[in-house]
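Per chain, numbering begins at 1; letters A, B, ... match sequence-line order.
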Amino acid sequence: MLKIYNTLTGRKEEFEPLTAGTVKMYVCGVTVYDECHLGHARSALVFETIRRYLERSGLAVTFVKNFTDVDDKIIKRANELKIPWQDVTSRYIDAYYRDMGRLGIQPATVEPKATEHMAEIVALVEALIRKDVAYQVNGDVYFQVGRYVGYGRLSKRKLDDMQAGARVEVDARKRHPMDFALWKGAKPGEPSWESPWGKGRPGWHIECSAMAMKHLGETFDIHGGGADLIFPHHENEIAQSCGATGKEFARYWLHNGFVQINQEKMSKSLGNFFTIREIFEKWGYREAVTGETLRYFLLSTHYRSPLDFSDQALQEAKRALDGFYGLFQRLEEAAQDSSRGDAHVPALVEPLDGAIRQAMDDDFNTPAAIAVLQRLRTDTNKLADAGLSRQAGARLLEAFRLAGRLFGMFQLSTKDWEFQDLGIKLKTAVALSDDEIERLIADRNEARKRRDFARADEVRQTLAAQGITLEDRPDGTTRWKR
RNA sequence: GGCGCCGUACCCAAGUGGCUAAGGGAGCAGUCUGCAAAACUGCGAUGCGGCGGUUCGAACCCGCCCGGCGCCUCCA
């Protein structure tokens, strides 16, 4: 039984989809005016993981994640770069897919763009005017917050409380300072679309309401996004949508916590952000290794908690994965000794799915699920110590890969994993071929047989300088890692 | 000013009323090894920011305090 923490109610609730067997979920994507940073990566990864888990649970998921491709920041950026605004959005949509691809994040079922939903947006604004919860002033249209009694129910705040502290410049044309734009009249040179109120463009919030309703219906199951979207974005979405339809909008609201640097929120305005691109370029590992390391790092904390980013934290994630891939290598070598461990394999493999399910059913508790995998790692190493047959090794390996698939981990071949620590990795640009390495190892093992340990250690030193670690097995053969 | 979140060992991090407070990393000791590495074993919070309270029983509930953070303005 899946329980989900719902921001709307402030409680963990049993999840019951509107239609049995299906889930309709909408997640706020990015505004495409710049490179994505780690915070965007976290949000994308959290909701993809939720989607994967729901699918694994047998539910048919329709997952909608939008691009905001018309907005003040995009216009500003286009002016700075002196290029058409469409070039800004297409450039950063490409960058988004590049970065998400590196992280192994799969596209959503539908990835709508605001600019492709103008008809729906205009129709929604018209409906709100018709219901008298929105009003137009010159070429602008505003939502009248005072007309929606539920305003504040998501963010748990009252209109009066907010008025006191609001530092916003109050637009005199608004009837209430918190009224927000549904439609903005175009100034010369700005992107614009025809509407009953003249040329203009949508406000930020309305696009999500329009696209969610178009692709998922007026009421759907899950709406997600970063915690910074609770107010005003999601609050306004609810007001608009419920104001227009008179029905509930999303039933479960999920919000992920921030990525932080030294306990502070990572954000553009503080200037303390790391782009996904930077991290991939700075880390010397191949993309798949860095990507999996980032996934492990991001999933090792519960999605609602803050997560502090640092090189050390990333290296701990890397070491944890080294342990798994080292074990996978052992499993691939199984059948070298006895098969005394085989009898215990079912006791490890059979409860695995249930244990992970138990963790994930509790509000997608990925750290607890990872702990399950870590315990399995220790237990499996013990069996490998005792000796495993080829079939038993394969079965265990398959169990890891299947469980890991949920988190986008454990899918690389052991040859493609890179075991070196970052410091060593960066120092060893020269790469020996597998054949050269094997030859040196054969050479060393000859020396060992002669008990010429000086020569044997010399070879080890040579290889260590290339970032290659040797591990002698009990049977006299040698395993190597790089 | 309003609303909300967080504080668990050296570091990261689960647990939110009841067996010995998960798991990982680092460290130390041991087993194995020609030496290593890996793996395994053992050690490590009598205590969960502090002080009170509720309870047969609290890291978990309530109150106050200390420390940190977020939202209220674009923000994943």
Query raised in the report: Which residue, A/Gly225 or A/Tyr5, contacts RNA chain B at a nucleotide closer to its 5' end, judged by nearest heavy atom?
Result: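 Looking at the nearest nucleotide for each, A/Tyr5 comes out on the 5' side.
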Query raised in the report: When the nearest nucleotide of RNA chain B is assigned to A/Thr31 and to A/Thr469 on a heavy-atom basis, which residue is associated with the more 5' position?
Result: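 Checking each residue's closest nucleotide, the 5'-ward one belongs to A/Thr469.
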**Report entry** Nearest-nucleotide pick for A/Ser305, side chain only, options being B/rG70, B/rA14, B/rC69
**Finding:**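 It is B/rA14.
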How many whole angstroms separate atom [atom1] of [X] from atom [atom2] of [N]?
X        : N      : atom1 : atom2 : value
A/Phe328 : B/rA39 : CZ    : P     : 13 Å
A/His255 : B/rC3  : NE2   : P     : 20 Å
A/Arg157 : B/rG4  : CZ    : P     : 10 Å
A/Phe309 : B/rC69 : CZ    : P     : 20 Å
A/Phe258 : B/rC71 : CZ    : P     : 5 Å
A/His234 : B/rG4  : NE2   : P     : 20 Å
A/Ile468 : B/rA36 : CD1   : C1'   : 16 Å
A/Lys73  : B/rU73 : NZ    : P     : 15 Å

State which residues pass ring-ring contact (aromatic ring centres under 6.0 Å, His included) with [X]; sequence neighbours excluded, sorted by chain then number.
X        : answer
A/Phe309 : A/Phe274, A/Phe297
A/Phe410 : A/Phe324, A/Phe328
A/His233 : A/Trp204, A/His205

Please classify the nucleic acid contact of [X] as base, sugar-phosphate, or nothing, using heavy-atom distances under 4.0 Å.
X        : value
A/Ile230 : nothing
A/Gly226 : sugar-phosphate
A/Val46  : nothing
A/Gln315 : nothing
A/His233 : nothing
A/Asn365 : sugar-phosphate
A/Gly29  : sugar-phosphate

Report summary line: Contact string for nucleotides 21-35 of chain B, one letter per nucleotide 5' to 3', B = base within protein heavy-atom range under 4.0 Å, S = sugar-phosphate only, - = neither, reads -BSBSS-------BB
Separation of the [atom1] atoms in [N] and [M], to the nearest angstrom:
N      : M      : atom1 : value
B/rU31 : B/rC12 : C1'   : 29 Å
B/rA59 : B/rU54 : P     : 16 Å
B/rU46 : B/rC40 : C1'   : 29 Å
B/rG30 : B/rA36 : P     : 11 Å
B/rC19 : B/rA76 : C1'   : 41 Å
B/rA29 : B/rA21 : P     : 27 Å
B/rA22 : B/rC48 : P     : 15 Å
B/rG17 : B/rC6  : P     : 14 Å

Query raised in the report: Does NZ or CZ of A/Lys268 come closer than 6.0 Å to the centre of the six-membered ring of A/Phe273, within 45° of the ring's axis?
Result: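 Yes, cation above the ring, under 6.0 Å and within 45°.
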Would you tabulate the side-chain donor-acceptor contacts of residues 347-356 of chain A under 3.5 Å, counting partners in other chains and residues two or more places apart, or write 'none'?
none

Query raised in the report: Taking atom NZ of A/Lys3 as the centre, does the number of heavy atoms from other residues, nucleotides or ligands within less than 6.0 Å exceed 12?
Result: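 Check fails, neighbour count at 12 or below.
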Is the phosphate of [N], meaning OP1 or OP2, less than 4.0 Å from a side-chain N or O of [X]?
X        : N      : answer
A/Lys156 : B/rG2  : no
A/Lys268 : B/rA76 : no
A/Asn381 : B/rA38 : no

Query raised in the report: Quick one: side-chain hydrogen bond (donor to acceptor under 3.5 Å, both in side chains) partners of A/Asp443, sequence neighbours excluded?
Result: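 By the side-chain hydrogen bond (donor to acceptor under 3.5 Å, both in side chains) rule, A/Asp443 matches A/Arg455.
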Requested in this report: State, yes or no, whether a side-chain contact exists between A/Glu292 and A/Leu412 at a heavy-atom distance under 4.5 Å.
Outcome: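 A/Glu292 reaches A/Leu412 side chain to side chain.
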Query raised in the report: Does A/Leu406 reach the side chain of A/Tyr53, with side-chain heavy atoms less than 4.5 Å apart?
Result: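 SC-SC contact between A/Leu406 and A/Tyr53 confirmed.
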Query raised in the report: What stems involve RNA chain B, if each pair must be Watson-Crick or G-U and both of its distances must be under 3.5 Å, with 3 or more such pairs in a row?
Result: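 Output for stems: B:1-7 with B:66-72, B:10-12 with B:23-25, B:27-31 with B:39-43, B:49-53 with B:61-65.
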Query - Residue pair A/Asn79 / A/Trp85, side-chain donor-acceptor N/O under 3.5 Å - result: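 Note: A/Asn79 and A/Trp85 side chains miss the donor-acceptor criterion.
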May I have the list of side-chain donor-acceptor pairs in residues 368-379 of chain A shorter than 3.5 Å, sequence neighbours left out?
from: A/Gln374; atom 1: OE1; to: A/Arg377; atom 2: NE; distance (Å): 2.8
from: A/Gln374; atom 1: OE1; to: A/Arg377; atom 2: NH2; distance (Å): 3.2
from: A/Gln374; atom 1: NE2; to: A/Tyr296; atom 2: OH; distance (Å): 2.8
from: A/Thr378; atom 1: OG1; to: A/Gln374; atom 2: O; distance (Å): 3.4

**Report entry** Residues that A/Asp71 engages under side chain to side chain contact (heavy atoms under 4.5 Å, CB included), provided they are two or more places apart
**Finding:**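 A/Thr31, A/Thr68, A/Lys73, A/Ile74.
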